[in-house]
Amino acid sequence: DQTTKSRFSFTLDVKSEIPLVDVSSPSHGQDFVISRHSDKYSRASLEVKQGDLSKDVVVHLDTERPRTGVDLITSKQSGEDGYFMLTMTAGKELEEYGAGMDYVFVVDISGSMANDGKLTLSRRIVDSFVGTLGAEDRFEVMTFNTMPQMQFSKLSDVNPDTKEQTSAFLESQRAKGGTVLRPAILTAYKYKSDDRPLNVIVLSDGMTETKEQSELLKLIGEAPGSTRVFCIGLGNEVNRPMLKQLAEGAGGLAAFVSQQDDFLRQSQAFRRKLMRPVATDVAIKISGLDTYDVTPSVLPDLFYGSPLRVYGRYKGTGAAKVEVNAEIMGQPMHQSVDVSLPSTNDENPEIERMWAFNRVQELSNEIRLGGNQDSKVGQIVNLCEGYSIVSEYASFIVLENDAEYKRWAIERRNATRVKRDNVAREALKNELEGLRNASLAGLGPQEAKSNSSQQEQIDPTTSNSISNTLPPSVQNGNNINWADQGSSPRLSPSTGGGGAIDPITGLIAAGLASAAAWAARRKNRFS
């Protein structure tokens, strides 16, 4: 009940292999206590006497990868095929702004946007976004319900006058009518010029009819060259899967914004993503072992500040090769490195459900494109039952005891997985407690810390003897980088930003940076 006001508490533990720069909350900034235990572990704690369930809890996590690269995490039970999650993240060395771009903001003003303050949210986001545009950019704003309505009917320069006109135009709009997005998208495509990329930014809750969803997704292939579609989902009642599929299929990405968010920050972050698609036409392949059910089957582009994640299954164990192909500023890049996938690893069972969830999303995307297909629905239901996932084809059933499940002949296919997850969750709880205790050990009287430091200087052999019993990868924080030394790469310890298995960070960084530098020189030469 949103009107209920009572004691509300919330604790968030954030443990990240990519260093955490900052943790903050724009929605409850004065009520949160942020405890930074290390650069890879922070805890955010909130407790208020009059908690309001109508207000979202929003937490921002700022991470920064020192170098562009790939992190690989696995999960495998004995006698079963394994799971992997591979994450590619753009690093600090690729943080550069691009040239001017064209933007068309497509704002939904249909009747559903009157709920939950969505239209007001749209106005604030567009105002913030236009405020972050540069003098070299151009923009247009259009609203739509059943038909589009343009503000300028041309691409306008960014200046105080056009910003003021935009605010007045959006303030005059009222939410009413049905939702027909297709004409608005087709109209936005007409703004593409020959010499500049076009970004179409759709602000909507995506609440369109099922038939129109299929038509919208088919528009992906009709976009002019160098045109990307970005979707910003508004409020809590939003069609996330459809907006995400629409954006990623058109070379963009989707973001979802709460009323309690920091709009200026979100606009700046989103604009950085628009201006820096670090790698396009990305293809990642694991060879040497049999991999299957890899999702997504077609990878989106890699944007600065938006990691690219691949999930899949694998058979067998042992040596394998990860190959990354992409295009950086119009130049091809290919890198590969050898890895080893373990025979057992029970530390990361959560990625098994993450794989299943993303597999369900991809099958649902295929249904939206090609209609209701019974075979895909059957696969979705099996995944939902086996991995405790809710979808439009499956929901949770909670009964009092095992006898009730037997009475109604309901097979509990996820029972073993739940037990395994609980064991891993308890182990993680203990690990986090150990990290907090280690952080607290450094607090106290300065004299005690000084004596401790002197003791370490007097007898350093203890720490060395412990370190020397560990594998080199563990001694170096399990962060292994390839450093480019002439024509032959060599292994070198990283200074941070690794992962569970991170052997290709420096190699990919070197490939991306050299491709970017070559393209920049080429651009300067022919400009």
Side-chain angles (χ1 to χ4, degrees), residues 62 90 92-107 121-143 148-173 184 187-203 223-232 247 250-253 255 257 261-278 280 301 303-306 328-330 516-517 519-527:
D62 289 344
K92 183 72 174 175
E93 85 282 3
L94 295 176
E95 186 180 9
E96 294 181 3
Y97 279 89
M101 292 186 178
D102 294 337
Y103 299 85
V104 177
F105 298 91
V106 181
V107 182
L121 187 57
S122 289
R123 296 189 191 108
R124 296 174 68 183
I125 292 172
V126 174
D127 280 342
S128 295
F129 205 114
V130 172
T132 66
L133 296 181
E136 71 280 10
D137 296 325
R138 301 181 301 183
F139 77 102
E140 166 71 297
V141 177
M142 76 169 68
T143 59
Q149 176 186 354
M150 274 63 66
Q151 178 188 2
F152 301 112
S153 295
K154 65 176 183 178
L155 287 167
S156 297
D157 294 332
V158 181
N159 56 55
D161 186 41
T162 54
K163 291 179 182 179
E164 185 177 339
Q165 291 180 46
T166 297
S167 296
F169 173 73
L170 291 174
E171 191 64 36
S172 69
Q173 303 300 307
T187 304
Y189 286 167
K190 296 178 182 178
Y191 285 82
K192 177 68 179 72
S193 60
D194 294 334
D195 60 338
R196 292 159 69 101
L198 174 66
N199 296 311
V200 178
I201 304 169
V202 180
L203 296 95
S226 300
T227 299
R228 299 174 184 272
V229 176
F230 298 84
C231 294
I232 299 180
L253 49 83
V257 182
D261 222 322
D262 181 337
F263 303 114
L264 179 60
R265 171 198 166 103
Q266 286 285 60
S267 299
Q268 291 171 338
F270 202 65
R271 184 169 181 263
R272 283 197 298 271
K273 294 177 175 67
L274 267 62
M275 297 188 71
R276 289 194 289 254
V278 174
T280 60
D301 292 338
F303 292 83
Y304 187 87
S306 185
I328 313 295
M329 296 184 181
R521 289 195 298 271
R522 182 174 180 273
K523 180 179 178 183
N524 290 335
R525 186 178 304 136
F526 293 101
S527 60

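Here, residue 1 is the first one in the sequence, and each next residue gets the next number. Quick note: numbers below take in every heavy atom, side chains included, and nothing from hydrogens, waters or symmetry partners.
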Do you know the tightest heavy-atom contact between [X] and [Y]?
X	Y	value
G100	P197	O-CD, 4.4 Å
R196	K192	O-NZ, 2.9 Å
P148	A184	CB-CA, 4.1 Å
G252	F230	CA-CE2, 3.8 Å
V107	S122	CG1-CB, 3.9 Å

- [ ] Output every pair passing salt bridge (charged side-chain N to carboxylate O under 4.0 Å, His left out) with a member in residues 261-270, not counting sequence neighbours, ordered by first then second residue.
- [x] D62-R265
- [ ] Return each pair, listed once, that meets side chain to side chain donor-acceptor pair (under 3.5 Å) where at least one residue sits in residues 153-163; pairs must be two or more places apart or across chains.
- [x] N159-T162, D161-Q165
Task: Expected output: side-chain S306 to main-chain F303 donor-acceptor under 3.5 Å - done: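 Checking the backbone N and O of F303 against the side chain of S306, no donor-acceptor pair under 3.5 Å is found.
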To the closest 0.5 Å, what do you measure between [atom1] ([X]) and [atom2] ([Y])?
X	Y	atom1	atom2	value
D102	D137	CG	CG	8.0 Å
L203	T143	CG	OG1	11.5 Å
L121	R124	CG	CZ	7.0 Å
T280	R228	OG1	CZ	6.5 Å
F105	T166	CZ	OG1	8.5 Å
M101	R138	CE	CZ	13.0 Å

TODO: Check each of V130, I125, V126 against L170 using the side-chain contact (heavy atoms from CB on, under 4.5 Å) test, and report the only one that passes.
DONE: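 Running side-chain contact (heavy atoms from CB on, under 4.5 Å) over V130, I125, V126 with L170 returns exactly one hit, V126.
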TODO: Going by the side-chain contact (heavy atoms from CB on, under 4.5 Å) test, name the single residue among V200, L155, V106, T187 that passes it with E140.
DONE: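 By the side-chain contact (heavy atoms from CB on, under 4.5 Å) criterion, E140 pairs with just one of V200, L155, V106, T187: L155.
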Open item on the list: Could you check whether any side-chain heavy atom of V229 comes within less than 4.5 Å of a side-chain heavy atom of Y189, counting everything from C-beta outward?
Closed with: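 Answer yes - side chains close enough.
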Task: From CA spacing to verdict: side-chain contact (heavy atoms from CB on, under 4.5 Å), F139, N199 - done: CA-CA 9 Å; F139 77 102; N199 296 311; over 6 Å; no
